[in-house]
Amino acid sequence: MVNRVMETNKFKIQAKDIHAYYGTHHVIKGIDMDIKPNSVTAFIGPSGCGKSTFLRLINRMNDYIEGFTKTGDILLDDKNIYASNVQVEQLRKEVGMVFQKPNPFPKSIFENVTYGLKIQGITNKSDLEETAERSLRQAALWEEVKDDLKKSALALSGGQQQRLCIARTLAVEPSVILMDEPASALDPISTAKIEELIFELKEKYTIIIVTHNMQQASRVSDRTAFFYMGELIEYGKTKQIFLNPKKEKTENYISGRFG
Amino acid sequence: MKRGEKIIEGVLFLCALITILTTVGIIWVLLKESISFFTEVSVFDFLTDKEWTPLFSDKHFGILPLLSGTLLTTVVAIVVALPLGLTIAIYLNEYAPKSFRKVVKPLLEILAAIPTVVYGFFALIVVTPFLQSIFPGLSGFNALSPGIVMGIMIVPFISSLSEDALAAVPSSLREASYGLGATKLQTSFKVLIPAASSGIISSVILALSRAIGETMIVAIAAGQQPRLTLDPTVPIETITAFIVQVSLGDVPHGSLEYKTIFAAGLTLFVFTLILNNVSFYVNRRYKLKYD
Amino acid sequence: MNPIEVEIEKINDAVLEMIELVKAQLSRSRDSFMNSDEELAHQIIHTETRVNSLELTIDKYCENTIARFSPVATDLRFVVSMLKINSDLERIGDYAESIADYVLNINHKLEKTLMDNVRTDEMFNLAIEMLELIADAYATDNSKKMKKLFAKDKVLNQINKEKSQVIAEYVLANPSTIHDCLYLHSTIKKLERVGDHAKNIAENYIFYSDAKVLKHKK
Amino acid sequence: MIKASTNQWKDQLFRIYGIGATFFGLLILGIFLVGIVIEGFSRLDFQFLSSLPSRLPGKAGILTAWTGSLWIFGLTSITSIPIGIGAAIWLEEYSKKNRLANLLEINISNLAGIPSIIYGILGLEIFVRMMKFGGSLLAGSFTLSLLILPIIIVSTREALKAVPRSIIQASLAMGATRWQTIWLQQLPAASSGIFTGIILSLARAIGETAPLIVIGALAYVPFVAKTPMDEFTVLPMQIFNWVSRPQHGFIVNAAAAILVLLIFVFIMNGIAIYFRYKSSKKVKW
């Protein structure tokens with residue numbers, strides 16, 4: 001019992017006083033946040049509130065953006081991901097990312113799923129096949145594509161493409177998966193499948209999802225963070241945020257009375 | 001891993017650096033020889049003397065005759081190319097069916113892909129005799145014939161780039177005009193061309209620069225007689241044709257005659273440089289307008 | 001106005017109307033019971049159909065809001081609370097009707113001393129005051145006022161506890177009145193239930209307005 | 001009402017004029033090509049392709065010219081393609097938005113607009129004189145490489161730009177390095193665009209005459225080049241030489257040589273157009 005309490009108090013990701021700037025534009029203003037392992041955290045907030053920027057800080061995808069600077073630290077398993085000895089590529093294998101629009105590589109399904117292994121230099125065919133099957137199964141896509149893994153990924157439907165992108169991310173066995181509006185370009189049925197998938201993946205992974213869909217946030221997440229104008233206005237259990245938000249801004253935003 | 005990446009980046013950077021070295025090389029070569037040329041010939045003479053006879057015993061080094069020759073062929077070329085190119089651009093953009101445009105655009109671009117020496121042949125062997133049958137007084141070498149052929153050659157420059165500029169005009173503007181009951185012609189001339197004007201102007205300037213630097217057509221069909229004239233029916237010589245003439249001859253390295261090609265080259269370089277940058281400037285301003 | 005606000009407003013108005021209606025029903029049931037006014041009793045029974053139809057209307061509004069607007073936060077709490085308050089109000093309306101029914105069934109006028117001994121009048125007044133409090137607190141959106149209601153409910157419960165002994169002693173002394181006394185006993189019981197429902201309404205209202213759950217807490 | 005019908009009428013008139021203008025250029029091109037074919041086709045035989053140049057038009061051939069053009073094609077490809085693609089990748093993917101990058105940017109646009117003859121002057125000083133290559137294939141191909149480098153860079157960059165950012169992001173997010181992303185994703189995805197640009201620029205190099213004249217390529221080369229250090233001639237040089245001679249026989253020779261040159265150029269353009277067409281159909285991002 002004591003052990004379990006200890007376990008749940010350990011944080012997977014800790015952000016400490018994060019400020020971020022595009023040039024002189026202050027886009028994230030002092031955010032602190034702790035995220036527990038094996039949970040789904042939803043980031044909500046109006047466009048331009050900094051939630052995507054914050055998400056991309058967690059796997060350092062902002063590194064390449066011209067004029068981007070940040071202060072503060074982000075800890076992954078208590079290690080600072082911005083420390084000088086951290087290899088960005090290694091970090092990104094640990095912290096996978098799924099994007100808004102499905103973005104499969106213009107290659108076969110198999111090549112897509114095994115891309116992450118290939119760039120790590122793994123060429124053993126049976127290893128690749130094993131991983132492909134495992135991750136496609138995890139992404140609930142295996143049954144649909146197992147007979148034509150050689151087919152171009154671009155021939156899949158939008159929903160399938162997105163699950164392929166998730167499978168591709170799972171193949172490198174990350175512990176954290178960042179999802180930037182993963183279902184915003186999909187139809188309701190595909191969206192439901194993705195949400196179901198997120199629910200299942202929670203057992204093994206820590207998931208952070210940015211979404212504009214309030215219902216989606218309330219459906220899939222354990223905790224919800226509301227961002228506004230670069231600040232973290234409210235962060236708490238999803239049920240509490242949606243039933244009884246503490247801040248008026250949160251209330252106004254989630255009930256659609258913004259402004 | 002990290003080091004490998006750095007090495008690759010370094011090699012790639014060196015590749016990019018070669019372009020800078022090229023420019024530096026061009027400027028250095030032109031300046032070096034030109035400066036030694038201008039120690040012997042005064043800049044004032046170069047710019048004002050009305051004769052260019054570096055290969056004669058009575059040497060004159062006035063660039064004006066070469067400039068007038070260049071100007072003459074260029075003007076003829078633009079007079080041919082501008083109305084033609086612009087009309088084609090408008091027609092393809094507004095009138096022609098999409099499938100037609102898809103076929104015709106690459107076909108027109110073939111005009112620009114044909115080696116210029118072939119155009120020179122065309123000008124000398126086909127166009128000049130044809131023009132002579134209309135204007136009996138036309139000399140066998142003249143500015144008119146290469147000018148016209150050059151015009152045909154640069155049509156795709158103007159038509160393609162102008163078409164791009166017209167296509168970039170937001171469709172809302174076009175629809176607004178149609179919505180008011182305007183015809184395609186009215187829409188084209190009253191809305192699209194003004195809106196795309198900078199793009200069109202920049203394409204024309206680019207074509208101008210192309211015409212000024214064009215060598216083979218004029219070297220073959222315009223003659224080798226530098227003269228200060230605006231008459232397109234007599235033989236003339238352009239800057240480029242002069243450089244070819246000197247290169248073909250046996251001019252000893254280091255002689256004043258040899259250095260003339262650098263002075264002439266520098267003049268050409270400066271002209272095209274100015275025109276190109278004016279074109280970029282105009283085009284950039286235009287792009288800002290719609291972003 | 002935001003579309004969901006229009007819906008919320010509609011529910012709000014209907015609930016307000018419901019409260020007023022039920023309050024009026026209860027206060028008429030008091031008059032009818034205390035004065036054995038059979039005419040008034042008939043009116044109460046007749047008006048009950050309006051209470052029922054209003055309940056259905058409120059339910060319909062709430063369902064519509066949930067189905068079409070997926071309310072969250074305050075809106076969600078509002079709709080959920082109103083659904084429950086609505087059914088509580090309807091139950092109070094039912095009790096008023098039952099009491100009117102008893103008036104029609106009582107054979108002889110109940111003796112004044114008995115009525116006073118079981119504090120019938122006081123009980124009626126307390127129940128009505130509770131509804132007045134609800135109406136006032138609801139109309140002014142004041143959850144503090146709602147809390148005043150809990151004390152009154154305790155008094156009601158106390159009276160209710162004492163009533164059986166008083167009535168039993170009276171019936172032993174006047175066995176012929178047993179029939180009528182049972183009605184009195186039931187009436188008191190109903191009024192106590194009105195208090196319970198009123199308390200539920202207050203709790204639900206506080207859940208809506210302060211997001212605090214008071215139920216089943218002492 | 002009258003106004004409206006006048007407008008309609010003008011509109012139709014312009015349509016006809018537009019068709020006329022569009023076909024005018026193509027028509028002239030057609031007439032000219034037919035003329036060349038009539039003039040030169042009969043001359044185009046094995047003897048013409050396999051003979052060395054001669055003072056007699058009937059005996060002269062283009063063996064040295066077309067082999068020279070092939071040499072130039074090969075040597076220019078070897079130097080310009082890797083450098084051009086490399087530079088494009090650096091500019092598109094690695095350069096930061098600073099003054100150096102800006103300078104490179106402007107510089108490349110300017111280089112693309114410099115007349116080819118100026119490159120000839122550069123080649124003359126640098127390769128022929130300073131590096132002492134003389135009027136050799138090496139000097140010629142280096143000069144032409146510099147000439148077409150900006151075109152390759154610009155078209156490669158366009159092709160790289162057309163690869164969706166999302167693909168790049170996906171690859172980086174998988175933990176790929178910059179170079180892995182470029183090598184495994186961007187270059188394959190941009191390959192047909194890059195290839196098109198390269199083919200078009202090489203076609204241009206094949207047709208260039210002026211810079212080669214300036215660096216001193218000879219019109220009369222009585223042997224087939226064996227090494228890159230040999231003197232050489234190319235088809236356009238041969239044509240230029242023949243055009244400037246008075247005898248009609250040489251004009252016929254020029255026409256025949258033009259046919260060969262145009263076949264070269266058209267095939268390359270055709271390949272480029274085909275690739276552009278194919279790539280425009282293939283991937284819908």
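Just so you know, these numbers come straight off a predicted model, no measurement behind them. Every chain is numbered from 1, with letters handed out A, B, ... down the list of sequences.
- More than 12 heavy atoms of other residues, nucleotides or ligands lie within 6.0 Å of OH in B/Tyr95, so this atom counts as buried by the packing criterion.
- With a 4.5 Å cut-off on non-hydrogen atoms, D/Ala255 touches chain B through its backbone and its side chain both.
- Only the side chain of D/Val265 comes within less than 4.5 Å of a heavy atom of chain B; its backbone N, CA, C and O stay farther away.
- Using a 4.5 Å cut-off between heavy atoms, D/Leu100 contacts chain B through its side chain alone, with no backbone atom that close.
- Interface check for chain D: of the options B/Val104, B/Ile125, B/Leu92, B/Leu124, the most heavy-atom pairs under 4.5 Å are formed by B/Ile125.
- With respect to the salt-bridge test (charged N to carboxylate O, under 4.0 angstrom), the residues D/Arg178 and B/Glu9 do not qualify.
- For D/Ala21 against B/Thr87, the heavy-atom pair with the smallest separation is CB-CG2, 3.8 Å.
- Here D/Asn110 is the residue among D/Leu146, D/Thr209, D/Asn110 with the most heavy-atom pairs under 4.5 Å with chain B.
- With rounding to the nearest 0.5 angstrom, the CE atom of D/Met237 is 7.5 Å from the CE atom of B/Met216.
- Under a cut-off of 6.0 angstrom, the local environment of OH in D/Tyr274 is sparse, with at most 12 non-hydrogen atoms contributed by other residues, nucleotides or ligands.
- Using a 4.5 Å cut-off between heavy atoms, B/Leu275 does not touch chain D at all.
- For chain B, the nearby parts of D/Ser109 are the backbone and the side chain; heavy atoms of each come within less than 4.5 Å.
- When each of B/Ala16, B/Cys15, B/Pro115 is scored by its heavy-atom pairs under 4.5 Å with chain D, the top score falls to B/Cys15.
- Side-chain contact check for B/Leu17 versus D/Trp90: every heavy-atom pair is 4.5 Å or farther apart.
- Interface remark: D/Pro82 contributes backbone atoms only to the contact with chain B (heavy atom separation under 4.5 Å).
- Only the side chain of D/Ile273 comes within less than 4.5 Å of a heavy atom in chain B; its backbone stays farther off.
- Atom NZ of B/Lys190 has 12 or fewer heavy atoms from other residues, nucleotides or ligands within 6.0 Å.
- In this structure, no portion of D/Ala203 lies under 4.5 Å from any heavy atom of chain B.
- Using a 4.5 Å cut-off between heavy atoms, D/Met130 touches chain B through its side chain atoms alone.
- Counting heavy-atom pairs under 4.5 Å between each of B/Trp28, B/Phe280, B/Phe269, B/Phe121 and chain D puts B/Phe121 at the top.
- Within the 4.5 angstrom heavy-atom criterion, no atom of B/Glu94 approaches chain D.
- Considering all non-hydrogen atoms of both residues, D/Leu262 and B/Ile114 come closest at CD2-CG2, 4.0 Å.
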Check the pair D/Asn269, B/Glu109 against side chain to side chain contact (heavy atoms under 4.5 Å, CB included), reporting the backbone distance first and the verdict last.
CA-CA 9 Å; D/Asn269 274 276; B/Glu109 275 160 22; over 6 Å; no
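- If you tally non-hydrogen atom pairs under 4.5 Å between each of D/Phe240, D/Tyr94, D/Trp179, D/Phe32 and chain B, the highest count goes to D/Phe32.
- Note on D/Val243, D/Leu103, D/Thr22: by heavy-atom pairs under 4.5 Å with chain B, the leading option is D/Thr22.
- Contact of D/Ile251 with chain B is made through backbone and side chain together, with heavy-atom distances under 4.5 Å.
- With a 4.5 Å cut-off on side-chain heavy atoms, B/Asn277 and D/Ile106 count as touching.
- Residue contact with chain D, scored on non-hydrogen atoms closer than 4.5 Å, involves the side chain of B/Ile8 exclusively.
- Most heavy-atom pairs under 4.5 Å with chain D: of the set B/Ile152, B/Thr23, B/Ile18, this distinction falls to B/Thr23.
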Given the rule in the side chain to side chain contact (heavy atoms under 4.5 Å, CB included) test, do D/Tyr119 and B/Thr22 qualify, once you have shown the distances and angles that lead to the verdict?
CA-CA 9 Å; D/Tyr119 283 93; B/Thr22 309; 4.0 Å; yes
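- In this structure, chain B has a heavy atom under 4.5 Å from the side chain of D/Ile36, while its backbone stays farther away.
- Only the side chain of D/Leu111 comes within contact range of chain B, with heavy atoms under 4.5 Å apart.
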Are D/Leu261 and B/Val118 close enough, and set up right, to give a side chain to side chain contact (heavy atoms under 4.5 Å, CB included), and what steps lead you there?
CA-CA 9 Å; D/Leu261 179 62; B/Val118 177; 4.0 Å; yes
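- D/Phe14 and B/Phe189 have perpendicular rings, their planes meeting at more than 60° on a 0 to 90° scale where under 30° would count as parallel.
- Counting heavy-atom pairs closer than 4.5 Å to chain B, the top residue among D/Ile215, D/Leu149, D/Ile213 is D/Ile213.
- D/Ile108 touches chain B through its side chain: at least one heavy atom from C-beta onward sits under 4.5 Å away, while N, CA, C and O do not.
- Across all non-hydrogen atoms, the minimal contact from B/Thr183 to D/Gln8 is CG2-N, 4.3 Å.
- Taking B/Gly213, B/Gly25, B/Ser247 one by one and counting their heavy-atom pairs under 4.5 Å with chain D, the maximum is reached by B/Ser247.
- Per-residue heavy-atom pair counts under 4.5 Å with chain B were compared for D/Ile239, D/Leu200, D/Ile114, and the maximum is reached by D/Ile114.
- For the side chain to side chain contact (heavy atoms under 4.5 Å, CB included) with B/Phe122, the lone residue among D/Ile31, D/Ile28, D/Leu33 that qualifies is D/Ile28.
- The line from CD1 of B/Ile88 to CD1 of D/Ile19 is 12.0 Å long, rounded to the nearest 0.5 Å.
- Listed here is the closest heavy atom pair of B/Glu5 and D/Gln180: OE2-N, 4.2 Å.
- To the nearest 0.5 Å, the span separating OG1 on B/Thr215 from CD1 on D/Ile117 amounts to 4.0 Å.
- Side chains of D/Leu124 and B/Tyr258 form a contact here, defined as non-hydrogen atoms less than 4.5 Å apart.
- Between atom CG of residue D/Leu104 and atom CZ of residue B/Phe13 there is a gap of 6.5 Å, rounded to the nearest 0.5 Å.
- Listed options B/Leu14, B/Val126, B/Val244 were ranked by heavy-atom pairs under 4.5 angstrom with chain D; first place goes to B/Val244.
- D/Ile206 does not touch chain B: none of its heavy atoms, backbone or side chain, sits under 4.5 Å away.
- Expressed to the nearest 0.5 Å, how far CZ of D/Arg15 lies from CD1 of B/Ile90 amounts to 13.5 Å.
- Panel note: side chain B/Asn276, backbone D/Gly113; a donor-acceptor pair is recorded below 3.5 Å.
- Remark: side-chain polar atoms of D/Asn107 are paired, donor with acceptor, to backbone N or O of B/Thr19 under 3.5 angstrom.
- Heavy atoms of D/Ile153 lying under 4.5 Å from chain B belong exclusively to its side chain.
- Interface residue B/Thr272: only side-chain heavy atoms are found under 4.5 Å from chain D.
- Inter-residue side-chain proximity for B/Val155 and D/Phe24 is flagged as unmet; no heavy-atom pair is nearer than 4.5 Å.
- Interatomic distance, OH of B/Tyr119 versus CD1 of D/Ile258, reported as 12.0 Å (0.5 Å rounding).
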